[in-house]
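Keep in mind it's a predicted model, so treat the numbers as computed, not measured. Lettering of chains follows the sequences in order, A, B, ..., and the numbering in each one begins at 1. Quick note: numbers below take in every heavy atom, side chains included, and nothing from hydrogens, waters or symmetry partners.
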Amino acid sequence: MKSYDFKATEKKWQNKWDESGVFYAQQDFTKPKFYCLVEFPYPSGQGLHVGHPRSYTMLDIIARKKRFEGYNVLYPMGWDAFGLPTENYAIKNHIHPEIVTKNNIANFKKQLKSLGFSFDWSREINTTDPSYYKWTQWIFLKLFEQGLAYKKEMAVNWCTSCKCVLANEEVVNGGCERCGSEVVRKVKSQWMLKITQYAQRLIDDLDDLDYIERVKLQQKNWIGRSTGAEVDFTSTTGDKITVFTTRPDTLFGATYMVMSPEHPLIDKWEKNIKNFDEVCEYRQESARKSDFERTEINKEKTGVCLDGVCAINPVNNKEIPIFISDYVLVSYGTGAIMAVPGHDTRDFEFAKKFDLPIIEVVKGGDIEKEAFTDCETGIMVNSGFLDGLSVEDAKEKITQFLEKHEKGHPKVNYKLRDWVFSRQRYWGEPIPIVHCEKCGYVPLPEESLPLELPMVDSYEPTENGESPLAKITDWINTTCPKCGAPAKRETDTMPQWAGSSWYFLRYCDPHNDTELASKQALEYWSPIDWYNGGMEHTTLHLLYSRFWHKFLYDIGVVPTCEPYAKRTSHGMILGENGEKMSKSRGNVVNPDDIVNEFGADTMRLYEMFIGDFEKAAPWNTSSIKGCRRFIDRIWGLLDIAVAGKSYSKELESEMHRTIKKVSSDIDSLKSNTAIATMMSLVNKIYEVGRINHAELKTLMILLNPFAPHITEEMWEIMDFGGVITSQKWPTFDEQKCKDESIEIAVQINGKVKSKINVATDIESENAISLAKEDEKIAKEIEGKQIIKELYVKGRLVNIVVK
RNA sequence: GCGGAUAUGGUGGAAUUGGCAGACACGCUAGAUUUAGGAUCUAGUGCGAAAGCAUGCAGGUUCAAGUCCUGUUAUCCGCACCA
């Protein structure tokens with residue numbers, strides 16, 4: 001047999017698959033279904049990264065195996081194509097983002113096709129297509145209708161030189177990424193989505209889902225539920241200052257209060273605060289810092305004491321000073337805290353720095369040295385009617401007291417914040433809202449969707465921080481859908497997260513122009529049986545899409561309350577030097593080069609063999625050779641394939657073990673050991689010197705999900721009948737997996753001293769006495785006292801001697 | 001800082017979940033074959049001369065620890081307008 005021409009063969013089968021549509025999901029809703037999903041890519045200008053094929057190949061393997069097992073499989077692909085890099089590229093090179101997107105998609109698609117994925121290309125979607133974002137806008141209208149979309153003043157990053165809003169990522173060390181100028185926080189009115197209303201359900205419903213544990217944990221921590229109380233203090237100006245605390249039990253230990261520099265009461269107190277200039281200066285300073293910098297625990301605590309206004313502690317009517325400090329965030333809780341330096345680490349440091357009194361109210365630690373934060377063991381002291389109680393009981397009693405005196409109430413708080421949904425950008429879905437002077441914010445009627453992005457020549461940001469759409473006067477000026485008076489369109493666009501929060505629904509029925517997807521299609525395909533994606537999407541995309549899905553469930557659009565039944569996550573592929581691949585590090589590997597030099601099957605095998613799918617792994621081009629050799633050795637089997645029965649009993653049982661191992665390894669994402677097992681099998685076949693047709697057929701099917709091209713070709717050459725993709729997944733016989741005898745280790749005091757051969761099903765006593773008969777062991781135990789003897793089935797004998 | 005994870009030969013990684021550490025590959029060494037090899041095949045390959053020693057580091061539990069417990073160090077991912 002001549003050597004394997006991967007280029008011609010791979011092209012041949014890719015064309016055949018394209019023409020036949022063999023991987024299209026069937027419209028037959030009576031068959032068992034399997035919906036297998038990977039995160040759709042952002043079609044960047046750099047083209048496909050070698051990281052993309054890692055998860056696409058893994059799920060392709062699962063999809064292909066499921067087809068062999070008789071499922072109607074949906075394995076779709078699409079483009080998450082709105083976004084900042086495209087817009088920036090367009091601005092820089094004066095090419096319209098739509099053109100940029102079109103070119104990038106064409107390139108991505110070509111690259112994906114060259115890898116032989118079994119995607120259903122008839123269901124390809126693109127978030128920037130008006131027929132798609134029509135439904136993104138429709139969902140927004142529903143959210144608005146239900147009161148879940150609202151406007152709010154929010155701080156944004158503002159570049160003082162470019163005069164535009166920056167993404168956090170565009171802010172580098174407090175400066176603008178592009179021009180290096182100072183970036184400040186500026187308040188702007190933004191569209192917000194009330195994800196916090198779903199916080200509890202987003203936590204509770206995780207219990208019934210098959211997500212990997214670290215994803216669940218990270219989501220729970222991100223939502224950050226904490227229970228405590230809101231307590232109302234009164235200021236000496238007579239205003240109510242509400243604080244949230246998880247430790248209401250320590251209320252008697254509150255010796256001062258800290259408010260976020262942005263707290264609205266501070267402006268109200270302008271006349272009362274004698275050092276208002278100093279306060280303003282501090283506010284400006286903290287406006288320059290990110291939340292992240294502000295809450296860093298190791299940094300020196302800063303703050304300003306308000307001169308002229310104090311707070312009154314509701315339990316003992318004591319006056320305490322009020323500080324502003326940047327470690328208190330306006331976005332969490334009420335934007336103000338009661339400080340209990342005796343029992344909170346940050347408050348303790350702050351009190352030390354500003355020389356504030358520290359009162360012990362829970363006994364058990366040494367508050368001279370550090371804050372005592374333990375809630376389990378402490379006993380209340382210096383706390384009036386709480387004295388002598390445990391922390392738990394004190395929490396309950398103080399909360400009752402506060403409620404009775406209308407000074408507070410129990411409260412559940414979440415770290416999760418509402419979703420800032422506005423972007424002052426061009427390349428996003430227009431928000432379908434009109435602002436009418438008389439009627440306020442008025443939604444566009446559903447029939448008028450999609451509200452298309454106007455085609456313009458310039459998408460540069462405006463001077464005043466408005467979206468580039470604000471400059472297109474004939475687009476902005478419209479009439480109010482409600483009263484008909486002249487009105488203005490919303491000029492902000494949606495974030496990229498919008499399109500990706502429901503795309504998986506569209507795949508079920510991608511060409512429907514009357515619904516986002518038909519009821520019937522959604523009933524059949526929901527929920528997604530297996531969704532794989534990066535850990536970096538755990539807290540944003542994954543949570544946002546669960547939120548939207550729950551909302552759509554509540555209004556009766558989708559049949560399940562959760563979108564994804566199972567979620568797994570792949571590790572990153574790093575550069576050869578073990579660092580993240582990036583242009584600036586110069587360690588980027590282009591998948592096209594690999595496919596050209598080694599072929600798609602080798603590339604797929606290599607990425608699946610590189611290591612544990614869930615862990616990061618460094619790329620190593622020289623290791624690919626091993627997979628290339630394996631492909632060649634597979635091809636070589638054509639020369640030693642013979643008709644008739646199996647030629648080796650040993651090979652036969654190895655065959656059965658391989659079926660078992662490969663099947664279970666695919667299901668548990670252990671592609672690396674599945675491949676290793678097949679490599680061992682092939683080594684064995686060459687050792688035996690021949691393989692019969694039945695065995696070769698089995699091996700071809702096992703390998704097909706990994707290396708689909710060569711196995712199709714060999715199936716055809718061997719004339720095994722039909723095409724390989726219409727075969728059934730092989731089964732194994734448990735009895736035939738076992739060998740008759742096995743080698744076990746014999747240990748003395750836990751150290752291996754010898755090995756013996758025993759029957760697989762040997763009894764414990766027999767194994768031990770056989771072990772003692774072994775020459776080396778007999779010598780070891782001679783004259784010694786045997787304390788313990790044990791046999792671990794199929795593994796070892798351990799004899800403990802003294 | 002907060003939250004999540006990871007650490008095993010020269011390299012990527014295996015290890016039935018507490019039971020023979022290093023499967024399967026890469027690389028390397030030697031040999032065969034070839035006009036030639038960055039091709040193929042064969043043999044060897046954790047360290048150590050050996051007794052032995054080895055799973056980031058320091059302790060602990062156990063007949064037995066890469067795996068469990070305590071502490072510690074380093075690296076990676078996310079932190080809400082990158083996707």
Say we look at [N] and [M]: how far apart would their [atom1] atoms be, to the nearest angstrom?
N	M	atom1	value
B:rA21	B:rG66	P	8 Å
B:rG22	B:rG27	C1'	16 Å
B:rC77	B:rG71	C1'	25 Å
B:rG13	B:rG59	C1'	29 Å
B:rA64	B:rG18	C1'	8 Å
B:rU75	B:rU70	P	23 Å
B:rU6	B:rG52	P	35 Å
B:rA14	B:rA7	P	9 Å

Separation of atom [atom1] in [X] from atom [atom2] in [N], rounded to whole Å:
X	N	atom1	atom2	answer
A:Q747	B:rG18	CD	C1'	12 Å
A:H537	B:rG4	NE2	C1'	16 Å
A:K793	B:rA64	NZ	P	24 Å
A:K580	B:rU75	NZ	P	17 Å
A:Y544	B:rA80	OH	P	9 Å
A:Y211	B:rG4	OH	P	19 Å
A:Q190	B:rA80	CD	P	14 Å
A:I787	B:rA64	CD1	C1'	14 Å

Which class fits the ring pair A:F82 and A:W427: parallel under 30°, tilted 30 to 60°, perpendicular over 60°?
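Ring orientation, 0 to 90° scale: perpendicular.
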Measure up the A:Y503 and A:F40 rings against each other and bin them: parallel (under 30°), tilted (30 to 60°), perpendicular (over 60°).
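Answer is parallel, since the angle falls under 30°.
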Could you identify the nucleotide paired to [N], looking across every strand shown and requiring Watson-Crick or G-U wobble geometry with both distances under 3.5 Å?
N	answer
B:rG78	B:rC2
B:rU29	B:rA43
B:rU55	none
B:rU35	none
B:rU67	none
B:rA15	none

Atom pairs, N/O to N/O, protein against nucleotides 57-61 of chain B, distance under 3.5 Å?
none

Can a side chain N or O of [X] be found less than 4.0 Å away from OP1 or OP2 on [N]?
X	N	answer
A:Q496	B:rA83	yes
A:R214	B:rA5	no
A:K415	B:rG78	no

Between [X] and [Y], is any side-chain donor less than 3.5 angstrom from a side-chain acceptor?
X	Y	answer
A:H537	A:E39	yes
A:S467	A:D492	no
A:N104	A:Y42	no
A:W502	A:T136	yes

Using a heavy-atom cut-off of 4.0 Å across all strands, would you classify [X] as base, sugar-phosphate, or nothing?
X	value
A:D632	nothing
A:V215	nothing
A:L540	base
A:S44	nothing

Tell me whether the NZ or CZ atom of A:R633 lies within the 45° cone about the ring axis of A:Y686 and under 6.0 Å from its centre.
yes
Regarding A:R567 and the six-membered ring of A:Y531, is the cationic atom NZ or CZ under 6.0 Å from the ring centre and inside 45° of its axis?
yes
Hey, would you say the A:F421 and A:W191 ring centroids sit under 6.0 Å apart?
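A:F421 vs A:W191: aromatic centres not under 6.0 Å.
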Identify all pairs in which a protein N or O lies below 3.5 Å from an N or O of nucleotides 7-12 of chain B, and state each distance.
residue, atom, partner, partner atom, Å
B:rG12, O2', A:I610, O, 2.6

So which nucleotide from [options] ends up closest to the side chain of [X]?
X	options	result
A:W222	B:rC81, B:rA83, B:rA80	B:rA80
A:L790	B:rG19, B:rG52, B:rA23	B:rG19
A:L796	B:rG78, B:rA23, B:rG19	B:rG19
A:K751	B:rC53, B:rC24, B:rG78	B:rC53

Tell me which of A:W497 and A:I624 sits closer to the 5' end of RNA chain B, going by the nucleotide each one is nearest to.
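The residue closer to the strand's 5' end, by nearest nucleotide, is A:I624.
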Sorted by position of nearest nucleotide on RNA chain B, 5' first, the leading residue of A:A745 and A:N798 is A:A745
Sequence neighbours excluded, which residues qualify as ring pair (Phe, Tyr, Trp, His ring centres under 6.0 Å) partners of A:F504?
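Testing A:F504 for ring pair (Phe, Tyr, Trp, His ring centres under 6.0 Å), a comparison that skips the adjacent residues, returns A:H549, A:Y564.
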Is [Y] paired with [X] through a side-chain N to carboxylate O contact shorter than 4.0 Å?
X	Y	result
A:E153	A:K188	no
A:K151	A:E490	yes
A:R346	A:E349	no

Going by modelled atom types, is there a donor-acceptor pair between the base of B:rC20 and the side chain of A:K755 at under 3.5 Å?
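Answer yes: a donor N or O sits under 3.5 Å from an acceptor.
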At less than 3.5 Å, do the side-chain atoms of A:Q424 and the base atoms of B:rC81 form a donor-acceptor pair?
yes
Pairing residues for A:E536 by the salt bridge (charged side-chain N to carboxylate O under 4.0 Å, His left out) criterion, not counting sequence neighbours
none
Is B:rG9 syn or anti, taking syn as a glycosidic angle within 90° of 0?
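B:rG9: syn.
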Expected label for B:rU17 (glycosidic angle, syn inside 90° of 0, else anti) would be syn
Close N/O contacts between protein and nucleotides 41-44 of chain B (under 3.5 Å):
residue, atom, partner, partner atom, Å
B:rC41, OP1, A:R633, NH1, 3.0

Identify each donor-acceptor pair in which a side-chain atom of residues 605-615 of chain A lies under 3.5 Å from a protein atom, sequence neighbours left out, and give them as a table.
residue, atom, partner, partner atom, Å
A:Y606, OH, A:N620, N, 2.9
A:Y606, OH, A:N620, O, 3.3
A:E607, OE1, A:R54, N, 3.0
A:D612, OD1, A:E614, N, 2.9

